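All values derive from a computational prediction rather than experimental measurement. A note on names: the letters A, B, ... follow the listed sequences, proteins ahead of strands, and every chain is numbered from 1.
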There are 2 protein chains.
Amino acid sequence: MPDRSPRKDAVRNRAAVLAAADELFAASDSTEEVSMAEIAAAAGVGKGTLFRAFGDRVGLIRALYQARLEPVWHAVEDGPAPLGSSTPPLSRVPALLDAVLCFKLDNRRLALALESTGNASPYEAEHYERWHTLLRDLLRQIPGHAGDSDFAAHVLLAATRADLVEHLAGHEQFPRAKLRAQLATFAAAVLGSGPPAPAA
Amino acid sequence: MPDRSPRKDAVRNRAAVLAAADELFAASDSTEEVSMAEIAAAAGVGKGTLFRAFGDRVGLIRALYQARLEPVWHAVEDGPAPLGSSTPPLSRVPALLDAVLCFKLDNRRLALALESTGNASPYEAEHYERWHTLLRDLLRQIPGHAGDSDFAAHVLLAATRADLVEHLAGHEQFPRAKLRAQLATFAAAVLGSGPPAPAA
DNA sequence: TACAAAACGGACCAGCGGTCCGTATCGTTG
DNA sequence: CAACGATACGGACCGCTGGTCCGTTTTGTA
């Protein structure tokens, strides 16, 4: 019996903090302006509890992010087409990119917070590595695709970066559909290294 | 006489601060760990002086960045081929991207600091807008190029983002030449032709 | 019911970016 | 050269932050 099961109040408080943080982040313009003390107060919990449960600020944000991301990952790993593994690479890649883009659109504040929290590079987070590895391996399987798949995967993912999405969708008021279409077009151009079919 | 010319000690101190900041940033792993007080001390100046000269932290970093960037801009606006405006778009675009990449490689810490300083999105900085506008207009002039030039310009620039460059060149130890070649290949694919021949 | 083990919470801390204002320097004018 | 506004200096000072500590309370088991 190496692990003890966590106590009831601990899990309740953890959930309360998660919920409070989620709400506060969603309500504020920038994540930076929500302090840990505020989150603790909103959750009806002491600061010590908050830090014991999540370690530090990034720990909290990461936990929230992972929770939101989990269903998407599930769809990618076990789900049906076009996200699931039964899809051929040439159509799965755009589907994945679209899913990532939609996720960022739906979780703007959170993604922004995670990708630009102080010092830590988003490229060292393990969820990035998962996306990158998957995408890279798919690109390798596409016959016509020239160039280095590793780098191409990085760039395609960079097209969905939270602050770029925020700039286009938020500051420049691009509608969701337009962004998705542009990303799809761009991905198509990259995938078939020759000139792509005329845009619709 | 709307402007007064600045006092001599003011300009001397400004230069001292700039030099000290430059050195400290270059010496530290992450810009975040260099405090304003340290910079002031290293420059042999009071904190007040520092803040009066640059406004705030981002002001200082931006001033440093602009100073480094100026020669590159000069080469792009008035210089000879392949960066200058006499170059045809199809070969000028890769040259510009390469110049940006090299600049980021040569100024890793600084670029990293500017692109991820706290809250401010790098997409609202005016130097970004200059690059983006130039690149977008060039893309529009390329006949075979399909898709939205505005978005494509964003993505191509995203391929040179400081933290991606840092991840690849620093953490993954990619040699400089490899990165440049990969970016060139990728850009060529986007521009609408197959893989290019040159690989110097 | 007794009693460890685990979790709580908020006073507390060091350090940050940024401000303020009494003092020192500049450079201009007679 | 003297004198005197204007300008810049510098570091004590402020509010606030993320993060820690430890006496107190809750939990669950024997």
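Distance from the side chain of A:F51 is smallest for D:dT20 among the nucleotides D:dT20, D:dC9, D:dG11. The side chain of B:R57 lies closest to C:dG17 when the candidates are C:dG17, D:dA8, D:dG28. Nearest to the side chain of B:R7, among D:dT27, D:dG18, D:dA6, sits D:dA6. Side chain of A:S35, nearest nucleotide from D:dT17, D:dA8, C:dC16: D:dT17. Here D:dC9 is the nucleotide among D:dC9, D:dG19, D:dT27 with the atom lying nearest to any side-chain atom of B:D9.
Between B:T49 and B:K8, it is B:T49 whose nearest contact on DNA chain C lies nearer the 5' terminus. Where B:A37 and A:A10 each meet DNA chain C at their nearest nucleotide, the meeting point lying more 5' is that of A:A10.
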(request) Show your working on side-chain contact (heavy atoms from CB on, under 4.5 Å) between B:L69 and B:W131 and close with a plain yes or no. (result) CA-CA 12 Å; B:L69 192 54; B:W131 285 119; 4.2 Å; yes

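Regarding A:I61, its CD1 atom lies at a distance of 10 Å from the P atom of D:dG19, rounded to whole Å. With rounding to whole Å, A:R14 atom CZ is found 19 Å from D:dT27 atom P. A:F54 has its CZ atom 14 Å from the P atom of C:dG9, to the nearest Å. Atoms CG (B:L50) and C1' (C:dG18) sit 11 Å apart, rounded to a whole Å. As rounded to whole Å, 15 Å separates atom C1' of D:dT17 from atom CG of A:L60. Counting to the nearest Å, the P atom of C:dC16 and the CD1 atom of B:I39 are 11 Å from each other. In this entry the distance linking CD of A:E38 with C1' of C:dG10 reads 16 Å, nearest Å. Rounded to whole angstrom, the span from the CD atom of A:E32 across to the C1' atom of C:dC16 amounts to 14 Å.
Residue B:E70 qualifies as open at atom CD: its count of foreign heavy atoms under 6.0 Å is 12 or below. In A:E77, the CD atom is crowded: over 12 heavy atoms of neighbouring residues, nucleotides or ligands sit closer than 6.0 Å.
Here the side chains of B:K47 and B:R52 are not in contact, with every heavy-atom distance at 4.5 Å or above.
With hydrogens and angles disregarded, a donor-acceptor distance shorter than 3.5 Å links the side chain of A:R109 to the backbone of A:A26.
Here B:R52 reaches the OP1 or OP2 of D:dC9: one of its side-chain N or O atoms lies under 4.0 Å away. The phosphate of C:dA7 has neither OP1 nor OP2 within less than 4.0 Å of any side-chain N or O from A:N13.
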